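To start, the structure under review is shown below, and the notes come after it.
The structure displayed is predicted, hence computed values, not measured ones. In the text below, chain A, chain B and the rest are named by the order of the sequence lines, each starting its count at 1.
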Amino acid sequence: MEKTFDAARAEAEIADLWDAKNAFAAGTNAGPDAKPFCILLPPPNVTGSLHMGHAFNHTLMDILARWHRMRGDDVLWQPGLDHAGIATQMVVERQLAAAGNIGRRDMGREAFVAKVWEWKGKSGGTILDQCRRLGDSFDLSRNAFTMSGAPGAPAGEEGNFHDAVLKAFVSLYDKGLIYRGKRLVNWDPHFETAISDLEVEQVEEKGSLWRLRYPLENGATYEHPIEFDAEGKPTAYETRDYLVVATTRPETMLGDTGVAVNPDDPRYTHLIGRSVRLPLVGRSIPIVADAYADPTKGTGAVKITPAHDFNDWEVGKRAGLRVINVMGTRAQIALKDNADFWDGIDGSDALAGLDGMDRYEARDAIVTLAHDEGWLDGIDAEPHMVPHGDRSKVAIEPLLTDQWFVKTEELAEKAMDAVRSDKTRILPERDEKTFFHWMENIEPWCISRQLWWGHQIPVWYGPEIDSEGKVVPGAVRAFCASTEQEVLKKAQEFYGASIPISFSREEGALREHVPPAAYGVDSDGTLGWTELDRDPDVLDTWFSSGIWPIGTMGWPENTPELAKYFPTSVLVTGFDIIFFWVARMMMMQLELTGKVPFKDVYIHALVRDEKGKKMSKSLGNVLDPIELIDEFGADAVRFTLTAMAAMGRDLKLSRDRIAGYRNFGTKLWNAARFAEMNDCRPVAGFDPASVTLTANKWIVGETGRVRETLDAALDAYRFNDAANVLYAHVWGNVCDWYVELAKPLFQDAAAAEETRATMAWVLDQCLILLHPLMPFITEALWGQIAARPKLLVHTDWPSYGAELVDAAADAEMGWIVALIEEIRSVRAQMHVPAGAKVPLIQLDLGPDQAAALERDRALVARLARIERFETAAEAPKGAVTLTVRGATFCLPLADVIDIAAERERLGKAADKLAKEAAGLKAKLGNPAFVAKAPEDVVDENRARLGAAEEELGILRAAQARLASL
RNA sequence: GGGCGAUUAGCUCAGUGGUAGAGCGCUUCGUUCACAUCGAAGAUGUCGGCGGUUCGAACCCGUCAUCGCCCA
């Protein structure tokens, strides 16, 4: 064997080996009555590449999958990709532009979607190859895609996900849980689509607060307070014929339809009910009372633009104000042909100049006009939060449009019930609170997107007809079904079997659905013929990923997978998509199947850089998991992430830490090398309970304990505990102690055979127990150590436990280890050369200790570098005394002893003991403690006091001897 | 403004009522036949402050301070 593990070479070989054996196929290694264990990979974006967050998320899932597989469960780890509507459309559009292609609008919908599929086939899903580097053991033969089976999907992309999404939509639509409505939505002017609340990020910007003077109508004036006394009472007034409003968005003033003041604001109450004349526009708009106006902010008077602000929309509704939209889909000022706007006013040259301007150009222009025309009161710098699209990074614009919404209130109630009744557990508990907080305040979910890459909404429109069969001009009738045949059937039922109906193949308007011009009305006003026009919008990506659990298992068909693996066992995911994904999956699965999608949800935190900063490309602090794997090996990266995965806390990743766990792999590797050099080969039928030597019994017992602790940790998703118990066992128990203890035993003919067999067994157990965390190095060693019937990935998980612990052997090893450590410590403090061998003199020894020393003399001799064992009644002059539970020894170091150092050592040890004894004495002297504390705690304290006092006595004697020297 | 959380060794962090821990870093010593990606020994803590509950508090409760994150 080499001195170190060649991760790069071995990992590739092992990955090929697993592939060749199809090692991760669902159900592999399942026992006869196997329990299903199913875990869903949160589908990464098809555009994505593996980042640290994935690496963390996947590592945890892979540990669970491998652990359950080895335990003989029927494991399905379901992988797949998300079509990621906006993100993917963005990537492909950018590429088309870079290649000098025509834009998507010129290309047309069908051609563009074909381009996206082409891109997906070439460069989509590189992330899945990267997952392989990490060791992800998902079943790639079941790889799913949220757009599989959609119209235009090329060969190889068949699948039923598209059907499932449409059926889910139709099902919710038929239940009245999906509706279309004209509402103010978050509009992304870059992508020209609506987005949901969750896709909006608030970004603080340095902005200004502009104060604008709106003249009072009919020459009215009022007294505005300008000076105040110490109590805040006005002492001076000025006469104003205008009202000053403060705004962060002067450009929206074109759409103002009112001014609000607080009903309790004495400055303005007398103005309520009067009107101001909107500058530039010339519209007369009312001054209304609304608590939304905050007297402490700005001037206390706020302009109301119901069409362009969510708060103003509410105020407008309460006050019955008009809604006048003054912007287009690219957030440009849109006044031309805007009937609403021109209603009740006359044009002006200034307005004509503003038409078509970008919103920010318009802002500057309007402020300049205000200044020139004298209605700019002033400008204050004020930072404020501006909503931005999370993909486009441009400021979103509230816009009044027709969109599709999911009624989330009822669905949320069911999801909350499932969590309250523990049908689904959310861990850690804190995130359950977050879940409830959001669900209780849930808003309707806007699911329509004005994009092309996605599931087109399965709704077709035709003309509305009244009860007498007459066409209602301008009204629209919607038909929802998952196929054209079904739509046709529904339409035919509605309009009558004799009406010729066909489908319009033209691309409809982008958002506003008007009844198709292409229909005929007979002379009696009834419908003669019609075309049906499909809604051009697509569904929010999260609508389709919302049915990921059932969609990947063949729903709505009643497949064997659904029967077996659904509801799934556990969902492992980051806190950032609790609302986007987890909550929505809960709602949709419950509504569509009546079942929760998963029994447990384990929410993990974010991977940050070593300074605690979020990793981001712009900060340049991104650690690329693939680079780290190249440098340190996948096992080291995985183990690091696992060890740092304390529940609910962000983890700060540093290269030092990864290097440390790379060293851990090397340590394991060298332990195996040691075993090989000493001819330790796995013995068939080896029974760990049958060993006879203390050291062997001890390590066997430790292994049993580790198995139990490890399983308990994984069972509770305490991944860091799992990593730490393994680390401490392999490095501490096995490498530091057992390997060293074995060396003298190998020299002893009577002990060698059993020890070799035990060593081989212990190492095998280390490989098995470590495999879920460090799959590559353990699989490599497993194959290297011996020919095996099965790969390690399929080796049965052990069931032994603490019954392997032999209390006597445990106590004896504990004592021997303490003795060795004490001797080493004294040697180091007395500056005994590391290589020098010294005699050990036993002064006072209990019977158990004497027996132990007799049995394990060779171990002590080697590990503490003792040249011979002697017995004496009293310590010789210049000897250093040492105490180990129930025994007193000394080291005759007359030649080398440093009296000052020894005095210091004894003094320090005695002080520490005296302090401890005093504390214990005080505790035991407290009657309340003795009366109320549990008996075993009291006993334990008594025992500790006894031991401390005894040892203290010995140290005092040693101090006295030293003083007499 | 509302909600959630954090504060423990130089650093990064475990630790849910009974002897304060790990890794890294640091100091000293050491290449004894698995491993220098190593070994041995060592130093370092009013567990953020104050108050309370308790026989007993890093842990439970209250409060203050500081710092995060999410939502407005």
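- In a base pair of the Watson-Crick type (N1 to N3 plus N6-O4 or O6-N4) or a G-U wobble (N1-O2 and O6-N3), with each distance short of 3.5 Å, B:rU54 is matched with no nucleotide.
- Rounded to whole Å, the C1' atom of B:rG48 lies 24 Å from the corresponding atom of B:rA43.
- Side-chain N/O atoms of A:K3 include one lying less than 4.0 angstrom from OP1 or OP2 on B:rA36.
- A:F889 and A:F869 have their aromatic ring centers separated by at least 6.0 angstrom.
- Whole-Å rounding puts the A:F929 CZ to B:rG17 C1' distance at 12 Å.
- Nucleotide B:rA40: paired with B:rU28 (Watson-Crick or G-U wobble, both distances less than 3.5 Å).
- The stretch residues 661-672 of chain A touches RNA chain B through A:R662, A:N663, A:T666, A:K667, A:N670, A:A671, each having a heavy atom within less than 4.0 Å of the strand.
- Using Watson-Crick or G-U wobble geometry with both donor-acceptor distances under 3.5 Å, B:rU12 finds its partner in B:rA22.
- Side chain of A:D312 to backbone of A:P306: no donor-acceptor contact under 3.5 angstrom is found.
- Between the P atoms of B:rU19 and B:rA34, the separation comes to 39 Å (whole Å).
- Look at CZ on A:F719: it is 16 Å from P on B:rA14, rounded to the nearest Å.
- Look at CD1 on A:I578: it is 14 Å from P on B:rC4, rounded to the nearest Å.
- Applying the 4.0 Å criterion to OP1 and OP2 of B:rG15, one finds that A:R718 has a side-chain N or O inside that range.
- Straight-line distance from the CG atom of A:N724 to the P atom of B:rA14: 11 Å, rounded to whole Å.
- For A:Y727, the listed nucleotide lying nearest its side chain is B:rG23; candidates were B:rA34, B:rC55, B:rG23.
- In this structure, A:R865 reaches the bases: a heavy-atom distance under 4.0 Å links it to at least one base atom across the strands shown.
- For A:N720 and B:rC13, the CG to P distance is 13 Å, given to the nearest whole Å.
- The nucleotide whose nearest atom lies closest to any side-chain atom of A:W731 is, among B:rG39, B:rA72, B:rC55, B:rG39.
- Sequence order on RNA chain B of the closest nucleotides to A:F674 and A:K433 puts A:K433 first from the 5' end.
- Checked against the 6.0 Å centroid threshold, A:Y661 and A:F632 do not count as a close aromatic pair.
- Using a 4.0 Å cut-off on heavy atoms, none of the residues of residues 434-444 of chain A approach RNA chain B.
- For the pair A:E916 CD and B:rA20 P, the computed distance is 9 Å after rounding to whole Å.
- When both pairing distances are held under 3.5 Å, B:rC47 makes no Watson-Crick or G-U pair with any nucleotide shown.
- B:rC69 and B:rG3 make up a base pair, with Watson-Crick or G-U wobble contacts both under 3.5 Å.
- Separating the NZ atom of A:K912 from the P atom of B:rU44 is a distance of 10 Å, rounded to the nearest angstrom.
- Across all strands shown, A:E740 has heavy atoms under 4.0 Å from base atoms, whether or not it also approaches the sugar-phosphate.
- One C1' atom belongs to B:rA22, the other to B:rG30, and the distance between them is 25 Å to the nearest Å.
- Summary of the strand contacts: A:F579 and A:A834 both lie near RNA chain B, and taking for each the nucleotide with the nearest heavy atom, the more 5' one is attributed to A:A834.
- Taking the six-membered ring where tryptophan is involved, the planes of A:Y602 and A:F719 are perpendicular, since the angle between them exceeds 60° and thus also 30°.
- A gap of 15 Å separates the P atoms of B:rU32 and B:rA40, to the nearest Å.
- Nearest nucleotide to the side chain of A:N926, out of B:rC69, B:rA34, B:rC55: B:rC55.
- For A:D635 (side chain) and A:F776 (main-chain N/O), a donor-acceptor pair under 3.5 Å exists by modelled atom type.
- Computed from coordinates, the A:I603 CD1 to B:rC4 C1' distance equals 14 Å when rounded to whole Å.
- Across the strands present, B:rC59 finds no partner; the criterion is a Watson-Crick or G-U wobble pair with both atom distances under 3.5 angstrom.
- Taking the six-membered ring for Trp and the full ring otherwise, A:H604 and A:F56 have centroids separated by under 6.0 Å.
- Of the residues in residues 931-945 of chain A, those with a non-hydrogen atom less than 4.0 angstrom from any atom of RNA chain B are A:K932, A:A933, A:P934, A:V937, A:R944.
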